Amino acid sequence: MASTVRVRFAPSPTGALHIGGARTALFNWLFARHHGGRFLLRIEDTDAERSSPELTDQILRSLRWLGLKWDEDIVFQSGRRSDHARLCETLLETGAGYRCFCPPDVLSEKRRIQESATGGYRYDRTCLKLDEADIQKRLQQEIPFAVRFRVPEGETAFEDLVHGRIVFRHTELDDFVLLRSDGSPVYQVAVVSDDHDMGITHVIRGDDHLSNTPKQILLYRAMGWDIPRFAHVPMIWGPDRKRLSKRHGAVSVEAYREAGYLPETLVNFLALLGWSPGDDREILSFPEIVRSFSIPGISKNPAVFDEKKLEWMNGQYVRSLPLPELLDRVLPFLRNAGLVQEDDPGFSEEFLLRFVVMLRERVRRLTDFAETGAYFFRDPESFDETAVEKFRRNLRTGALMEALLQNLSRTEDWTDETLEAVVRESAATLDVRAGDLIHPLRLVLTGQTASPGLFELMAVLGQETVLRRLKRTLALWTPNHP
RNA sequence: GGCGCGUUCGUCUAGUGGCCCAGGACGCUGGCCUCUCACGCCGGAAACACGGGUUCGACUCCCGUACGCGCUACCA
């Protein structure tokens, strides 16, 4: 390969890494990996007001969690201020830029008038008409000035890797500001300067930047720099077809981690949001995605984020994880729910493994293990009301449970085969269907009407626990029990 | 308002002029399995925004309309 691919992800640490940013990062990462190139990270922290080191750390944590490792040192945009300023100076020297002494309030007034008249606004180039003497005079008076870019006539066209050829007539652009009157360079300047210095070959970013691109290309040209290739990927929308934002609830990668999603799931799902391998595959491993990834596979239209499918996919990954690995991932959620102790789980490895095996078929998120399986760790405190009512109406339930208690306390071989035999024989003796014992027993042991197979569950819980739970719930079946 | 981008089942998408009376997945739904719930399996409903061209033939190409989104700052 002639030149090495270099791409970057450039988040602004003004918030956590969200789904949209993660997808952009992922696409850049995949592109770099696929082509054996480099994936760089740049933190756009020039807005000191809204940026924070804590948020930067959080973004890095999320990227690492997703498995998106970056190459080389992180570039902090705030540290490149002088480079950005130098770009403005150069442009001023070459005549590509010019000083604008117009006071901001005059400008905003002009805009107000022009916008109400024509609906659009472009800087009227008042200061471009200034001659050298005018400029010197103003400089001596120390009138603050901004530096504007002098947009040439004509048009800018470029071949977007996702959208194809795109043309902007320069009459649509106005002489945008490069350097604010306080001396701070504007975003477009920072991006171009940084991307150039970082040797970026492909800019892969959200298509909300499409309209910024001609301005940036103009800057590259004015500096005589090589222009990178651009790939503008479509946005991710919430269910209301609006750009995904906090309004849609949990959108940060961090929030999905806490909600019990696996990083593998998120990567797979995000990869498929706006990109397709071209065939019918849905579950793809990291290496498979890297191998298949290509820009022509990126779609042009925005994608609605569908959490239902994410959940389904997470279930697939939960089920495919090797058991010990799955247990490791579940453990923190059990601790969080207070079901196991921080240092000592208080339960054997074997018990925990069986817990995970029995539940993994019926969960989608890691949090579900704690939510639907708490009875593995402690006696249920509440019981499904409608189920209790239902079984209580059958006046024999109390007697049935008592009989079962007797039979189970005499059971010596506490294995699921034996337990099943005991329960079924009890039913036969009592002249009821097996279900008449099974369902109330399930309720008694779990507090719920749904659980893993009852006999297996009894075997895992152990005789002592089963008998205890059976005993302490006997009163439940008394008709007028509170 | 102007400019830019987009428009295939509810959602993510396959489709690059005939293989498409449109395929897959999630969701929904009927059934099977079954001690419940899941998992799994089998089946079903469900889409080419609209109107003009081009062509022997258009989901695919061109034009227009409608709708949606983005940009339009001395924000990033």
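Please read these numbers as outputs of a predicted model, since none were measured by experiment.
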[atom1] atoms of [N] and [M], separation to the nearest Å:
| N | M | atom1 | value |
| --- | --- | --- | --- |
| B/rU54 | B/rC59 | P | 16 Å |
| B/rG40 | B/rA47 | P | 26 Å |
| B/rU8 | B/rA14 | C1' | 10 Å |
| B/rC20 | B/rU36 | C1' | 44 Å |
| B/rC28 | B/rA45 | C1' | 9 Å |
| B/rC9 | B/rG24 | C1' | 12 Å |
| B/rG51 | B/rG15 | C1' | 24 Å |
| B/rG68 | B/rG31 | P | 41 Å |

Inset, instruction - Identify which nucleotide among B/rC5, B/rA76, B/rC74 has an atom closest to any side-chain atom of A/Y187, counting heavy atoms from C-beta outward. - result: B/rA76
Inset, instruction - Calculate the interatomic distance between A/E456 atom CD and B/rU36 atom C1'; express it in whole Å. - result: 14 Å
Inset, instruction - Starting from P on B/rA73, measure out to CZ on A/R122 and report it in whole angstrom. - result: 10 Å
Legend entry - Side-chain H-bond candidate by donor/acceptor type, A/T386 with A/D384, under 3.5 Å: yes
Legend entry - Salt-bridge criterion met for A/K308 and A/E311 (N-O under 4.0 Å): no
Inset, instruction - Could you tell me whether A/R329 and A/E264 make a salt bridge, using a distance below 4.0 angstrom between a side-chain N and a carboxylate O? - result: yes
Inset, instruction - Could you check A/G435 against A/L107 and say which one's nearest nucleotide on RNA chain B is further toward the 5' end? - result: A/G435
Inset, instruction - Let me know, please, whether A/F305 or A/R442 comes out on the 5' side of the other along RNA chain B by nearest nucleotide. - result: A/F305
Inset, instruction - Scan every strand shown for a Watson-Crick or G-U wobble partner of B/rA49, both distances under 3.5 Å, and answer none if you come up empty. - result: B/rU65
Legend entry - A/D197: which of A/R8, A/R86, A/R80 passes salt bridge (charged side-chain N to carboxylate O under 4.0 Å, His left out): A/R80
Considering every strand and a 4.0 Å limit on heavy-atom distances, what is the contact class for [X]: base, sugar-phosphate, or nothing?
| X | value |
| --- | --- |
| A/D182 | nothing |
| A/A303 | sugar-phosphate |
| A/S299 | sugar-phosphate |
| A/L272 | sugar-phosphate |
| A/G274 | sugar-phosphate |

Legend entry - B/rC37 base / A/S451 side chain donor-acceptor hit below 3.5 Å: no
Inset, instruction - Report yes or no: is there a donor-acceptor pair, N or O only, under 3.5 Å between the side chain of A/E172 and the base of B/rG4? - result: no
Inset, instruction - Could you tell me how the ring of A/H439 sits relative to the ring of A/F391: parallel (under 30°), tilted (30 to 60°) or perpendicular (over 60°)? - result: parallel
